[in-house]
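Worksheet for the structure shown next.
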Amino acid sequence: MRETAFAERLIAWQRIHGRHDLPWQVRDPYRVWLSEIMLQQTQVASVLAYYARFLQSFPTVAALAAASQDEVLALWSGLGYYSRARNLHRAARMVVDDFNGVFPTTRSEIERLPGVGRSTAAAIAAFAFGQREAILDGNVKRVLTRVFGIEGHPGDKPVENRLWTLAESLLPPADMTAYTQGLMDLGATVCLRAKPKCADCPMTVECVARLEERQAELPTRKPKKAQPVRHVMMLLAVWRGQVLLQRRPNHGIWGGLLSLPECADSQEAEAWLMRHGEGDLLPSWPELTHVFTHFRLVITPQPILLSRLSPAVSQQADANWLPIDQAIAAGVPTPVGKLLGQWLAGVN
DNA sequence: AACACGGGGAC
DNA sequence: GTCCCAGTGTT
């Protein structure tokens with residue numbers, strides 16, 4: 001297909017059939033940026049409520065910069081990929097401190113913000129400033145591999161490089177907002193992964209995948225490998241009606257979130273109890289499996305009722321004793337929220 | 001180049 | 001259950 005034909009058809013299609021009512025379809029770069037970060041590896045339906053709540057608490061980049069990391073993480077809790085929230089917070093402070101409170105206006109400058117890579121920077125530059133920059137996200141990769149019949153896993157470097165070059169060659173001379181939004185809309189509403197609606201697609205007559213009936217083979221799947229399993233025991237330590245939460249390190253899984261204390265097995269749980277005071281190990285609850293991209297985590301919940309807390313422990317700086325309902329609201333990982341919810345349901 | 005990083009929707 | 005998504009940062 002001619003490059004110009006692709007862009008012309010896409011823009012015309014977007015104006016009629018594309019999405020025009022998403023809350024982040026604005027020119028305010030702060031709102032565009034926030035939405036793009038939330039939408040990384042996360043679907044629109046999941047983002048909508050988080051976006052509204054976040055914007056209500058932090059209406060401007062200055063408000064976000066003035067917040068604490070805790071406040072930001074609490075509003076992010078449940079969305080996943082928490083480094084996005086920490087980077088967002090750092091980047092807000094960078095905009096205030098290094099860019100004099102004015103959001104940067106070029107792709108290369110925007111790309112310096114932590115958490116903003118090439119595609120996200122290009123999307124912000126296109127939506128907020130109408131600049132001629134190519135995006136390449138999951139939707140675009142699916143559309144391009146199908147329409148142009150590009151073989152190979154799009155995550156492989158040579159394939160990805162080819163897709164970037166193609167994406168740049170397709171850019172229209174103007175109308176970048178409609179074009180960029182059209183690319184995303186086509187991928188999200190028509191060029192679906194499982195059942196693409198080829199009859200509704202403006203590229204259908206020339207789409208390689210459609211012509212060869214290979215929609216199911218493109219984009220090429222990632223070769224999969226076995227997922228390792230990790231086991232952990234999570235302690236539901238309760239003292240005077242409050243549960244103990246500990247801050248996780250900023251790096252690694254659930255970085256920076258409050259979570260339950262962990263150990264390997266019930267023997268270690270006994271030792272933990274001896275260190276922390278006196279009380280009883282209740283029978284452990286049934287295992288809970290949490291699935292990640294790269295491994296599965298099998299959690300054994302171990303409730304502990306403390307009757308006395310050792311003085312040294314009660315003064316630990318990182319110990320957070322909270323009523324269960326407040327603990328849930330504090331921004332804990334999803335499986336921890338489930339466990340605390342089960343406790344509430346069981347006790348009350 | 002490969003991996004780490006969450007959660008949820010679609011099937 | 002499996003696959004994959006509006007990706008980025010680290011190694």
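Residue numbering restarts at 1 for every chain, and letters A, B, ... go by the order of the sequence lines.
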With a 4.0 Å cut-off on heavy atoms, is A:I135 in touch with a base, just the backbone sugar-phosphate, or nothing at all?
nothing
Contact class for A:W76 (heavy atom, under 4.0 Å): base, sugar-phosphate, or nothing?
nothing
Taking OP1 and OP2 of [N], is either one under 4.0 Å from a side-chain nitrogen or oxygen of [X]?
X: A:T120; N: C:dT8; value: yes
X: A:Q41; N: C:dG7; value: yes
X: A:R84; N: C:dT8; value: no

[X] has a side chain; which of [options] sits nearest to it?
X: A:Y81; options: C:dG7, B:dG7, B:dC11; answer: C:dG7
X: A:K195; options: B:dC11, B:dG9, C:dT8; answer: B:dC11
X: A:A194; options: C:dT8, B:dC11, B:dC5; answer: B:dC11
X: A:S46; options: B:dA2, C:dA6, B:dG8; answer: B:dG8
X: A:Y82; options: C:dA6, C:dT8, B:dG7; answer: B:dG7

Between A:Q131 and A:T106, is there a side-chain donor-acceptor contact under 3.5 Å, judged purely by atom types and distance?
no
For the backbone of A:L282 and the side chain of A:Q302, can you confirm whether one donor and one acceptor N or O come within less than 3.5 Å of each other?
yes
Which whole-number value in Å describes the distance from A:H290 NE2 to B:dG7 C1'?
7 Å
B:dG6 base / A:T42 side chain donor-acceptor hit below 3.5 Å:
yes
For C:dA6, does the base pair up with any side-chain atom of A:R19 as donor and acceptor (N or O, under 3.5 Å, distance only)?
yes
Is the closest side-chain heavy-atom distance between A:L235 and A:C263 below 4.5 Å?
yes
